[in-house]
Amino acid sequence: MPHDGSLLQASVIFLLATVLTVPLAKRLQLGAVLGYLLAGVLIGPSVLRLIGNTENVSHLSELGVVLLLFIIGLELSPRRLWVMRHSVFGMGLAQVLLTGLAIGAVAWLVFAQSLNTAAVVGFGLALSSTAFGLQLLAERKEVTSPHGRLAFAILLFQDIAAIPLIALLPVIAGTGELEADRDTLVNLLKVVGSVGAVIIGGRYLLRPVFRIVARTGLREVSTATALLVVIGTAWLMELAGVSMALGAFIAGVLLADSEYRHELESHIEPFKGLLLGLFFISVGMSADLGLLLSEPLSVIGMTLILVLIKLPLLYLIGRYSGGLDGGQALRLGVVLAAGGEFAFVVFKLAREHGLLDARLHDLLVLTITLSMAVTPLLVLLLFRLFKAKPAPVEVPPEYRNIESDEPRVVIAGMGRMGQIIARVLRAQRVNYVALDTAVEMVDYGRSMSLGRMPVFYGDPLRPEILRAAKVDKAEFFIVTTDDPETNLKVTELVQRHFPHVKVIARARNRQHVHRLLDLGAVPVRETFHSALEMSRQALLGLGLDEDQANARIRRFHRHDEEVLAAQHKVYDDDAAVIQTAREARAELENLFDADLIEDKGVK
């Protein structure tokens with residue numbers, strides 16, 4: 001039976017459903033979004049009926065989309081947004097027009113809807129879900145990929161396009177031309193005034209306000225101010241009949257160059273995650289499973305038509321206008337093929353104006369919800385079938401032609417560690433050759449030395465590259481790449497083909513040290529020595545003199561190396577390693593206590 005209950009009861013239900021379904025969906029590699037949708041379906045009116053009033057939930061959950069767009073805006077300065085103008089207004093406009101006309105034509109010609117109704121259905125379903133698409137891209141760390149950037153540009157235009165679509169609904173419905181024109185003009189003035197207020201306020205008022213709040217030193221006041229900016233902007237835009245999310249996005253863009261950008265993001269991020277999850281739950285709650293059971297062919301057919309029209313059109317736009325390759329264009333199509341949250345608003349208003357009857361409205365809402373539920377599964381399937389191929393690296397010929405005069409040292413990896421080693425060897429006038437698989441690292445190394453640094457493009461996992469670098473003539477091979485598995489494979493390869501060469505390898509942690517020792521390399525822990533120096537500085541600040549601090553660090557270093565050697569004999573036995581670590585900790589404390597007594601005796 002349904003329970004509206006208290007806010008506390010509802011919160012418990014939402015959190016419990018989330019904790020149960022989202023980890024399960026992640027474990028099945030279905031993504032968090034599908035877990036949230038499933039949670040909404042389970043607790044909603046269609047299944048367990050634990051939450052009866054879905055309307056209030058959807059209003060609150062819209063703040064998740066608002067906060068998401070604000071944070072996206074913070075990442076885009078006006079300068080970057082201007083650079084994206086061709087993608088936003090070019091590809092975005094093409095997508096909305098082509099998709100809207102195609103779906104509208106199907107509604108008019110195949111399903112015999114009126115021309116006005118077909119136009120609303122077409123352009124409403126042309127909109128995709130900003131929250132949904134960006135969340136899927138974020139889960140796969142593809143927001144900054146070529147198809148991720150184009151998806152964001154198209155979504156941004158769709159959010160903008162939703163404003164005139166909503167404003168024109170009375171005109172499309174034919175509710176009186178003169179009155180409609182007057183209302184449209186008033187609405188347009190409201191929109192312009194609201195956007196102008198946000199721009200002026202963001203440019204001239206927000207920074208002084210944040211400066212005053214920052215001086216209080218109270219984190220909770222800073223959080224309240226950040227929420228006030230976002231929610232206040234969204235409220236102002238809603239009063240003007242504009243998308244709340246778009247208003248928040250504009251506010252974020254205006255603050256993108258602010259010195260308070262990172263602080264704002266840190267305050268908003270926790271609320272964004274919770275409310276965005278609530279948004280997906282509310283979408284699941286709105287699904288009318290009864291309609292799906294009574295008219296399965298209609299619902300499934302409309303969902304297939306939606307996806308089969310939007311996906312190919314998005315593919316063509318991405319492939320031939322966006323410059324994406326086939327795999328990237330397919331990813332773009334899959335991510336944006338579903339319906340969007342703004343379509344719910346469009347269809348609700350269209351029903352109020354008599355453009356949609358109750359049955360068609362419910363079918364469209366369920367179609368959008370079902371398309372959202374299917375999208376993570378399509379993403380999982382197609383992304384596995386068409387794995388992204390890395391773009392071919394353009395390498396200047398001079399970077400590939402390895403020239404060396406029998407180097408004494410070969411360095412694999414010219415990142416931060418490799419550059420320091422190369423500088424030391426160069427200062428000592430030791431012949432060396434450095435290899436890296438990143439063209440920018442090769443370019444940077446050569447530019448710093450006016451082209452005289454012997455840095456070349458080459459994969460150290462290829463034996464022919466090692467021979468070209470004359471590793472067989474070298475005394476030492478130093479592996480400094482930041483990937484532990486690569487370091488192990490390179491070490492094994494060098495030891496197999498050039499057993500006389502001494503390998504010094506960067507180690508990530510103690511377990512990595514043990515595996516490198518098994519291969520006969522000399523492991524050097526990447527953060528160990530810097531951590532010792534930081535500890536020494538701390539001891540000096542805590543009152544020890546230079547000699548005492550140095551002695552403590554030397555003792556710790558020596559003791560830790562002894563413990564590491566002892567653990568290497570049993571490192572595949574977790575219980576033995578833990579026992580050794582406990583004994584070593586107690587022994588080290590006793591050694592330091594003895595040093596303290598000795599220091600006092602000297603004084």
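- Within the structure, the side chain to side chain donor-acceptor pair (under 3.5 Å) test picks out the following pairs touching residues 88-99 (sequence neighbours left out): Q95-T99, Q95-Q158.
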Pairs under 3.5 angstrom only: tabulate donor-acceptor contacts from the side chains of residues 100-115 to other protein residues two or more places apart or in another chain.
| unit_1 | atom_1 | unit_2 | atom_2 | d |
| --- | --- | --- | --- | --- |
| S114 | OG | T117 | N | 3.2 |
| S114 | OG | T117 | OG1 | 2.9 |

**Request:** Starting from the C-alpha separation in whole Å, work towards a yes-or-no answer on side chain to side chain contact (heavy atoms under 4.5 Å, CB included) for I281 and F14.
**Result:** CA-CA 8 Å; I281 290 176; F14 282 124; 3.8 Å; yes
**Working for side chain to side chain contact (heavy atoms under 4.5 Å, CB included), residues T223 and F271** = CA-CA 10 Å; T223 302; F271 296 97; 3.7 Å; yes
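- Qualifying side-chain contact (heavy atoms from CB on, under 4.5 Å) partners for F157, counting only residues two or more places apart in sequence or in other chains: V88, F89, L93, V96, A161.
- Between the CG atom of L38 and the CG atom of L24 there is a distance of 7.5 Å, given to the nearest 0.5 Å.
- When the salt bridge (Lys or Arg N to Asp or Glu O under 4.0 Å) test is applied to E352, no partner is found at least two apart in sequence or on another chain.
- Sequence neighbours left out, the pairs with a member in residues 300-312 that pass side chain to side chain donor-acceptor pair (under 3.5 Å) are S128-K310.
- Between the CD1 atom in I317 and the CE atom in M91 there is a gap of 9.0 Å [rounded to 0.5 Å].
- Note that the CG atom of D362 and the OG atom of S298 stand 12.5 Å from one another [nearest 0.5 Å].
- Scanning both residues, M84 and A153, for their nearest heavy atoms gives CE-CB, 4.0 Å.
- L306 approaches A337 most closely through the heavy-atom pair CG-O, 4.0 Å.
- In plain terms, the two heavy atoms of Q328 and H147 that are nearest each other are O-CB, 3.4 Å.
- Contacts classified as salt bridge (charged side-chain N to carboxylate O under 4.0 Å, His left out) and involving residues 294-305 (residues at least two apart or in different chains) are given here: E295-R359.
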**Message:** For T437 and T481: C-alpha separation, side-chain torsions, deciding distance, then whether side chain to side chain contact (heavy atoms under 4.5 Å, CB included) applies.
**Reply:** CA-CA 10 Å; T437 54; T481 61; over 6 Å; no
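- Residues forming a side-chain contact (heavy atoms from CB on, under 4.5 Å) with L134 (at least two apart in sequence, or on another chain): L68, I72, T130, L137, F152, L155.
- In terms of heavy-atom proximity, D436 sits nearest to G415 at OD2-N, 4.1 Å.
- One distance of note links CG of L360 with CG of L363; it measures 6.5 Å at 0.5 Å rounding.
- Atom CG of L324 and atom CZ of R149 lie 9.5 Å apart (nearest 0.5 Å).
- Proximity of L356 to V121: side-chain heavy atoms (C-beta onward) are separated by under 4.5 Å at one or more points.
- In this structure, S46 has no side-chain hydrogen bond (donor to acceptor under 3.5 Å, both in side chains) partners at least two apart in sequence or on a different chain.
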Result block: side-chain N/O donor-acceptor pairs under 3.5 angstrom for residues 370-377, not counting sequence neighbours:
| unit_1 | atom_1 | unit_2 | atom_2 | d |
| --- | --- | --- | --- | --- |
| S371 | OG | G339 | N | 3.1 |
| S371 | OG | T367 | O | 3.4 |
| S371 | OG | I368 | O | 2.6 |
| T375 | OG1 | S371 | O | 2.7 |

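- With sequence neighbours excluded, no residue forms a side-chain hydrogen bond (donor to acceptor under 3.5 Å, both in side chains) with T18.
- Atom CD1 of I231 and atom CG of L67 lie 6.5 Å apart (nearest 0.5 Å).
- M302 places a side-chain heavy atom less than 4.5 Å from the side chain of L364.
- Scanning for side-chain hydrogen bond (donor to acceptor under 3.5 Å, both in side chains) contacts around D482 gives an empty result, with sequence neighbours left out.
- Applying the side-chain hydrogen bond (donor to acceptor under 3.5 Å, both in side chains) criterion to S282, with sequence neighbours excluded, gives S61.
- The two residues L314 and I154 have their closest heavy-atom pair at CD2-CD1, 4.2 Å.
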